[in-house]
Amino acid sequence: MSLTKFVKRGAVMVRQYSRRISIIERHIRGQGLEIGALQDPQVVPRGTRVRYVDIVSNEDAARVHPRKRQKDLVPVDIVDDGQTLATVANESQDFVISNHFLEHCQDPLRALENMLRVVRVGGVVYLSIPDKRRTFDRNRPTTTAEHLIEDYRRGPQSSMRGHYEEAVRCNERITDPDQVATRVDERIERGDQIHFHCWDDRALLATLLAARDELEFPFEIEEFARNEAELVCVLSRQAPATDRADSTTAAPVTANC
């Protein structure tokens with residue numbers, strides 16, 4: 001890489017990181033979780049308490065992340081699958097932070113549903129996701145909301161191999177069918193955490209709106225921004241639709257005057 005390209009890439013990373021922090025400053029308060037921080041935990045406002053969630057303990061991280069040194073990883077507080085957060089109680093957190101995690105989920109809508117589940121009403125889910133147009137996914141088809149809803153309703157296993165094939169063909173530029181099949185088998189056998197899905201800004205926004213309006217996920221979009229090579233969105237947890245309906249039909253309160 002030339003010095004000019006190196007400097008330009010560094011400048012992009014600085015701008016991206018700085019804008020992330022400014023968005024975080026507007027929305028993150030209290031105590032919550034960050035999923036998959038590894039060696040790069042998100043900077044949060046002073047006084048904010050973060051617990052770190054990863055699928056393995058620090059002791060096992062070297063096996064799962066062989067290129068990362070254990071001493072550089074944040075201490076894992078909760079060993080759990082970030083897609084399910086099965087050990088985290090409902091409505092127990094003020095926020096969940098997820099940087100460049102959702103694209104690794106086979107069923108990202110289910111993962112989002114669980115992030116919202118553990119956040120209190122009024123709390124937030126902060127997501128940053130690679131913008132496929134600025135990454136190695138630029139040649140891949142954009143994931144549609146329809147595809148994700150189908151996986152959410154039927155389970156993602158039927159489409160899993162197709163995602164590996166797409167990554168091998170588009171990212172690794174392998175075209176021979178036999179070589180593709182061999183390479184896919186290798187990656188599935190190793191359990192490679194590929195980008196199962198990829199979005200540009202329009203596709204991601206369409207997915208969020210479909211989750212909210214069609215699947216009735218209880219959130220509103222507080223902020224949605226292009227941020228250099230990524231997309232950032234902040235979702236605020238709302239009361240479930242049934243609770244909102246009950247509140248609107250309750251007897252009116254009259255003031256004594």
Side-chain angles (χ1 to χ4, degrees), residues 13-55 74 76-78 80-85 88-105 107-132 134-135 148 195 197-201 203-212 215 217-239:
M13 292 176 66
V14 168
R15 291 196 300 269
Q16 179 172 292
Y17 199 73
S18 297
R19 190 169 189 197
R20 253 197 217 178
I21 293 174
S22 69
I23 295 173
I24 285 282
E25 288 279 352
R26 288 195 288 274
H27 298 284
I28 298 299
R29 298 288 185 275
Q31 60 181 13
L33 309 175
E34 181 172 359
I35 299 172
L38 297 176
Q39 80 289 347
D40 190 23
Q42 178 62 55
V43 175
V44 296
R46 186 183 299 274
T48 303
R49 183 187 173 209
V50 183
R51 292 188 297 161
Y52 297 102
V53 179
D54 211 309
I55 198 165
V74 298
V76 174
D77 299 297
I78 301 173
D80 200 346
D81 185 344
Q83 298 181 79
T84 62
L85 299 174
V88 182
N90 295 352
E91 300 186 32
S92 61
Q93 309 298 316
D94 295 314
F95 62 84
V96 172
I97 296 171
S98 168
N99 284 318
H100 292 223
F101 169 74
L102 207 64
E103 67 275 9
H104 293 283
C105 299
D107 189 350
L109 291 181
R110 188 73 62 184
L112 177 59
E113 182 178 46
N114 282 308
M115 293 180 206
L116 290 164
R117 172 182 61 79
V118 305
V119 171
R120 298 185 181 93
V121 172
V124 300
V125 172
Y126 171 96
L127 305 168
S128 73
I129 297 164
D131 184 335
K132 62 157 283 189
R134 304 286 298 274
T135 73
L148 294 173
H195 289 186
H197 307 282
C198 55
W199 297 271
D200 58 18
D201 53 350
L204 180 59
L205 185 57
T207 294
L208 292 173
L209 293 175
R212 186 192 66 183
L215 300 179
F217 284 13
F219 69 85
E220 292 296 336
I221 301 172
E222 296 295 329
E223 190 160 351
F224 188 96
R226 302 184 190 94
N227 184 29
E228 301 295 341
E230 68 182 11
L231 305 165
V232 173
C233 49
V234 180
L235 313 178
S236 63
R237 165 72 191 276
Q238 306 295 302

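- Between Y52 and A37, the closest heavy-atom pair is CD2-CB, 3.8 Å.
- Judged purely by atom type and a 3.5 angstrom limit, R237 uses its side chain to pair as donor or acceptor with the backbone of V119.
- Side-chain atoms of D54 never come within 3.5 Å of backbone atoms of V76 as a donor-acceptor pair (strictly under, hydrogens ignored).
- Taken from OG1 in T207 to CG in L204, the straight-line distance is 6.0 Å, to the nearest 0.5 Å.
- Counting heavy atoms from C-beta outward, I24 and Q42 have side chains that approach closer than 4.5 Å.
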- Message: Under the criterion side chain to side chain contact (heavy atoms under 4.5 Å, CB included), I'd like the reasoning laid out for R49 against R51: C-alpha separation, chi angles, the key distance, then a yes or no.
- Response: CA-CA 7 Å; R49 183 187 173 209; R51 292 188 297 161; 3.8 Å; yes
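- The pair R120-D94 counts as a salt bridge, with a side-chain nitrogen and a carboxylate oxygen less than 4.0 angstrom apart.
- To the nearest 0.5 Å, atom OG of residue S128 and atom CD1 of residue I97 are 9.5 Å apart.
- The closest side-chain donor-acceptor pair between N114 and T84, if any, does not fall under 3.5 angstrom.
- Atom CG of D40 sits about 8.5 Å away from atom CG of L38, to the nearest 0.5 Å.
- The closest side-chain heavy-atom distance from V43 to Y17 is below 4.5 Å.
- Ionic pairing of D200 and K132 is not present here: no N-O contact between side-chain nitrogen and carboxylate oxygen is shorter than 4.0 angstrom.
- Side chain of R19 to main chain of R226: a donor-acceptor pair is present (N/O by atom type, distance under 3.5 Å, no hydrogens or angles).
- At a threshold of 4.0 Å, the pair E222-R26 does not count as salt-bridged, since none of the basic side-chain nitrogens sits closer than that to a carboxylate oxygen.
- Across all their heavy atoms, L112 and L127 have their closest contact at CD1-CD1, 4.3 Å.
- Taking CG of N227 as the reference point, atom CD1 of I23 lies at 6.0 Å (rounded to 0.5 Å).
- V234 pairs with exactly one of F224, Y126, F219 by the side chain to side chain contact (heavy atoms under 4.5 Å, CB included) rule, that one being Y126.
- Between D131 and E230, the closest side-chain pair of non-hydrogen atoms is not below 4.5 Å.
- E34 approaches N99 most closely through the heavy-atom pair OE2-ND2, 3.7 Å.
- The minimum heavy-atom distance linking P130 with H100 is given by the pair CG-ND1, 3.5 Å.
- Between atom CG of residue L235 and atom CZ of residue R212 there is a gap of 10.0 Å, rounded to the nearest 0.5 Å.
- Looking only at side-chain heavy atoms (C-beta outward), H197 and H104 stay at 4.5 Å or farther from each other.
- When all heavy atoms of R29 and E25 are compared, the pair lying nearest together is NH1-O, 2.8 Å.
- Considering only heavy atoms from C-beta on, I221 comes within 4.5 Å of L205 through its side chain.
- Judged purely by distance below 3.5 Å, without hydrogens or angles, the side chains of S236 and E220 never pair a donor atom with an acceptor atom.
- Two residues are said to be in side-chain contact when any heavy atoms from C-beta on lie closer than 4.5 Å; E103 and P108 fail this criterion.
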- Message: Pair I35, D80 - check side chain to side chain contact (heavy atoms under 4.5 Å, CB included), show working.
- Response: CA-CA 9 Å; I35 299 172; D80 200 346; over 6 Å; no
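- Using a 4.5 Å heavy-atom threshold, the side chains of L208 and W199 count as separate.
- Checking side-chain atoms of S18 against main-chain N and O of R15 turns up no donor-acceptor pair under 3.5 Å.
- Taking both residues in full, the closest heavy atoms of P218 and A239 are given as CB-O, 4.0 Å, listed atom of the first, atom of the second, then distance.
- Taken from CD in E223 to SG in C233, the straight-line distance is 10.0 Å, to the nearest 0.5 Å.
- Side-chain contact check for L33 versus V50: every heavy-atom pair is 4.5 Å or farther apart.
- Looking at N90 and R117, their side chains do bring a donor and an acceptor atom within 3.5 Å of each other.
- Not one N or O on the side chain of R110 forms a donor-acceptor pair closer than 3.5 Å with the backbone of Q83.
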- Could you walk me through whether L116 and V125 pass the side chain to side chain contact (heavy atoms under 4.5 Å, CB included) check? CA-CA 7 Å; L116 290 164; V125 172; 3.9 Å; yes
